[in-house]
Protein chains: 2
Amino acid sequence: MILKSQVEWALHCCAILSGLPEGRYLSTKALAELHGLPKEYLSKALQTLSQAGLVRTTLGPTGGYRLAKAASEITFLDVVEAVEGNGRTFVCQNIRANNPCRPEGYCESGPCAIARIMWEADEAWRNALRRVTFAELGKILEKDIAPEIWSGTFEWVLKRSG
Amino acid sequence: MILKSQVEWALHCCAILSGLPEGRYLSTKALAELHGLPKEYLSKALQTLSQAGLVRTTLGPTGGYRLAKAASEITFLDVVEAVEGNGRTFVCQNIRANNPCRPEGYCESGPCAIARIMWEADEAWRNALRRVTFAELGKILEKDIAPEIWSGTFEWVLKRSG
DNA sequence: GAGAGACTACTCGGATACAGTCTGTCCGAGTAAATCCGG
DNA sequence: CCGGATTTACTCGGACAGACTGTATCCGAGTAGTCTCTC
């Protein structure tokens with residue numbers, strides 16, 4: 001069970017977009033160059049973010065992407081679920097129903113105990129991701145990244161955004 | 001990101017094996033019939049449990065599997081990691097290093113902030129799974145399952161174990 | 001009746017096949033800004 | 001100098017291909033009980 005690389009790409013792109021000034025858009029091409037990624041395939045990831053309503057687009061030149069909501073309104077979970085799907089990581093196929101010792105047509109009273117435990121762990125994972133917004137990530141990154149790279153990147157992005 | 005069905009199979013098999021009396025072994029065939037699963041493929045899942053040291057085997061007739069440790073010593077995480085691998089669910093490919101604004105040969109100071117957050121969520125998931133042992137699952141199942149099915153299954157298993 | 005050998009039922013490992021997903025590329029349609037051209 | 005037509009740069013969507021993984025089956029080798037056969 002490994003998350004797709006698109007998840008990583010989408011998170012990094014949202015991190016960049018969250019620093020974009022109001023009204024500006026950044027193109028797929030710029031995002032691909034900034035991260036050294038294949039433009040065409042990255043475009044797929046951004047499209048899914050768009051379909052999930054996390055990101056807004058404009059067509060034409062100076063077109064591109066920007067966040068659809070405030071950075072403080074978008075969580076890691078939003079992005080992960082947009083790319084990876086919002087289904088549970090554990091699917092219960094109710095194999096207990098195949099038990100030959102059961103009476104014919106016996107009806108289960110509730111979800112399997114094993115599934116319940118797996119789903120609780122799943123929720124713990126989701127809750128941890130739900131807690132972090134991109135506004136908070138911005139603060140962390142600002143401390144984390146060397147100032148000259150931080151501001152250099154910011155200018156580079158600004159220059160390429162329309 | 002969806003866990004393999006083998007995870008579900010392995011968990012159910014361990015649940016059955018944890019109720020097995022000392023010194024008894026239960027065959028793949030019996031476990032497959034009990035859960036309505038393909039014997040050959042289920043055997044693969046049990047083999048990985050064996051390689052992980054969670055389960056012990058005996059050859060020949062009356063051979064099969066039993067838990068290698070006490071049920072209270074085996075957690076859900078042990079089984080999930082045995083089948084699914086113990087690597088992190090999020091792999092950081094360090095795409096920040098592709099930033100064209102970075103000076104040549106710049107060396108990162110530590111793991112990417114995005115990766116750290118994803119790994120924390122991963123740990124939350126693992127911790128939730130680490131908390132539940134098969135001894136506890138046994139208690140839950142005993143309350144959960146209708147008594148006649150519970151004891152009927154137990155007898156069926158005992159009859160087929162050697 | 002006892003012991004040796006054949007038989008059986010099981011685990012284990014490897015080989016193979018098929019389907020689905022992930023990764024990545026390519027192209028055409030549609031859109032909006034910028035540019036060009038004619039009046 | 002102004003307005004309409006063309007060009008350009010981008011998004012969006014679909015089609016397609018290759019690699020990898022998950023699912024599943026089959027078979028042969030090895031092992032440990034059981035059964036049979038012979039003495």
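To find a chain, count down the sequence lines: A is the first, B the second, and so on, and within it residues start at 1.
Contact annotation: B:Y65 side-chain N/O to C:dC12 OP1/OP2 distance is under 4.0 Å. OP1 or OP2 of D:dG13 lies within a sub-4.0 Å distance of a side-chain N or O belonging to A:Q51. At C:dA34, none of the side-chain N or O atoms of A:T62 fall inside 4.0 Å of OP1 or OP2 (strictly under the cut-off). A close approach under 4.0 Å does not occur between any side-chain nitrogen or oxygen of A:T28 and OP1 or OP2 of D:dC10.
Of the candidate nucleotides D:dC12, C:dT23, D:dC10, D:dC12 has the atom nearest to the side chain of A:S50. Among the nucleotides C:dC10, D:dG14, D:dT8, the one closest to any side-chain atom of A:P61 is D:dT8. If you check C:dT23, C:dC22, C:dT11 against the side chain of B:S27, the one that comes closest is C:dT11. The side chain of B:Q47 lies closest to C:dC12, out of D:dA24, D:dT11, C:dC12. Here D:dC26 is the nucleotide among D:dT11, D:dG33, D:dC26 with the atom lying nearest to any side-chain atom of B:E40. For A:L59, the listed nucleotide lying nearest its side chain is C:dA32; candidates were C:dA32, D:dG30, D:dG22.
In this structure, A:L46 atom CG and C:dG24 atom C1' are separated by 15 Å, rounded to whole Å. To the nearest angstrom, C1' of D:dT8 lies 12 Å from NZ of A:K29. Here C:dG24 presents its C1' atom at 12 Å from CG of A:L37, a figure rounded to the nearest Å. The NZ atom of B:K39 sits 12 Å away from the C1' atom of D:dC27 (whole-angstrom rounding). Going from atom CD of A:E84 over to atom P of C:dT21 covers 12 Å, rounded to whole Å. With rounding to whole Å, A:Y25 atom OH is found 10 Å from C:dA33 atom P. Distance B:Q6 CD to D:dA24 P: 9 Å, rounded to the nearest Å. Between B:R66 atom CZ and C:dT11 atom P there is a gap of 15 Å when expressed in whole angstrom units.
Ion pairing of A:R131 with A:E136 is absent here, as no side-chain N (NZ or NE/NH1/NH2) approaches a carboxylate O to less than 4.0 Å. With respect to the salt-bridge test (charged N to carboxylate O, under 4.0 angstrom), the residues B:D144 and A:R116 qualify.
Between A:Y41 and A:W9, the ring planes are perpendicular. Angles over 60° get that label, and only those under 30° would be called parallel.
A:M1 and A:V91 fall into different hydrophobic clusters, where Ile, Leu, Val, Met, Phe, Trp and Tyr side chains are chained together by heavy-atom contacts under 4.5 Å.
A:S43 comes within 4.0 angstrom of nothing in the nucleic acid, heavy atoms only.
Within a 6.0 Å radius of CZ in B:R160, more than 12 heavy atoms belonging to other residues, nucleotides or ligands are found. The local environment of CZ in B:R130 is crowded, with over 12 non-hydrogen atoms from other residues, nucleotides or ligands closer than 6.0 Å.
Judged by distance alone, with hydrogens and angles left aside, B:K44 brings no side-chain donor or acceptor close enough to the base of D:dG22 to form a pair under 3.5 Å.
Looking at which nucleotide of DNA chain C each of A:L3 and B:L26 is closest to, the 5′-most match is held by B:L26. Two residues, A:K4 and A:T58, neighbour DNA chain C, and the one matched to the more 5' nucleotide by heavy-atom proximity is A:K4.
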